[in-house]
Amino acid sequence: LQCGLTVPFGTSGIWTLTVSVTGQQNQPTNSLQLKVVAAPPPLVKSLQGCSSTSLTAVCSDGVILTINGANFDSTTAINNKVVFDGGTGGPIGCNPLTSVSKSQLQCRLGVPLGAGGNWGVRVEVSGTPCCSTTNCSCAAVVP
């Protein structure tokens with residue numbers, strides 16, 4: 001017997017797995033204790049991909065943005081959500097992801113006409129934000 005176990009991101013605790021056969025009477029108890037440890041939250045360390053001059057960096061529509069960090073979901077790309085905060089004239093998009101690993105995400109920027117300012121970039125994995133405290137390194141800024 002083989003089975004897969006999927007638990008929501010951030011889940012932890014001791015779980016009991018019991019196996020039974022439908023229609024069988026007087027079955028012996030077949031159970032196993034499983035310890036589930038919550039995965040660490042995603043972390044954004046740096047960004048690459050926007051062109052820069054001596055005065056300014058420019059992130060424009062269609063540019064490939066590389067987000068370097070840790071604890072991204074490398075097996076299910078859609079579980080990684082790139083979120084932009086701040087700036088004006090948005091929203092800025094970064095989907096779909098074109099490359100995903102545990103430590104790097106790449107996507108093509110969608111920047112609408114009139115968008116400007118500094119934008120904070122953060123990553124959520126399966127709904128878990130990059131930070132649960134106020135003093136942690138979870139975002140980088142795209143000018």
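Computed from a predicted model, the values in this text were never measured in an experiment.
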**Report entry** Any C94 side-chain heavy atom under 4.5 Å of L109 side chain
**Finding:** yes
**Report entry** Any donor-acceptor pair under 3.5 Å from S103 side chain to A70 backbone
**Finding:** no
Query - Backbone of N79 reached by a side-chain donor or acceptor of T76 within 3.5 Å - result: no
Requested in this report: Give, for atom CD of Q104 and atom OG of S74, the distance between the pair rounded to the nearest 0.5 Å.
Outcome: 12.5 Å
Query raised in the report: Could you give the distance from CG (L47) to CH2 (W119), rounded to the nearest 0.5 Å?
Result: 14.5 Å
Requested in this report: Count the heavy atoms belonging to other residues, nucleotides or ligands that lie under 6.0 Å from CD1 of I64, then report whether that count exceeds 12.
Outcome: yes
Query raised in the report: Going from CD on Q33 to OG1 on T16, what distance comes out if it is rounded to the nearest 0.5 angstrom?
Result: 3.5 Å
Requested in this report: Write down the atom of P112, the atom of G89, and the distance for their closest heavy-atom approach.
Outcome: CG-O, 3.4 Å
**Report entry** Atom pair CD (Q48) and CD (Q106), whose distance is rounded to the nearest 0.5 Å
**Finding:** 8.5 Å
**Report entry** N80 side-chain N/O to D73 backbone N/O, donor-acceptor pair under 3.5 Å
**Finding:** yes
Query raised in the report: For P42, does its backbone N or O pair with a side-chain atom of N71 as donor and acceptor, under 3.5 Å?
Result: no
Query - Between CD1 on residue I67 and CG on residue L97, distance to nearest 0.5 Å - result: 7.5 Å
**Report entry** Closest heavy-atom pair and its distance - F72, L105
**Finding:** CD1-CG, 3.6 Å
Report task. Could you verify whether a donor N or O on one side chain and an acceptor N or O on the other, from T66 and N68, lie under 3.5 Å apart? Result -> no
**Report entry** Donor-acceptor contact below 3.5 Å, side chain R122 vs main chain V83
**Finding:** no
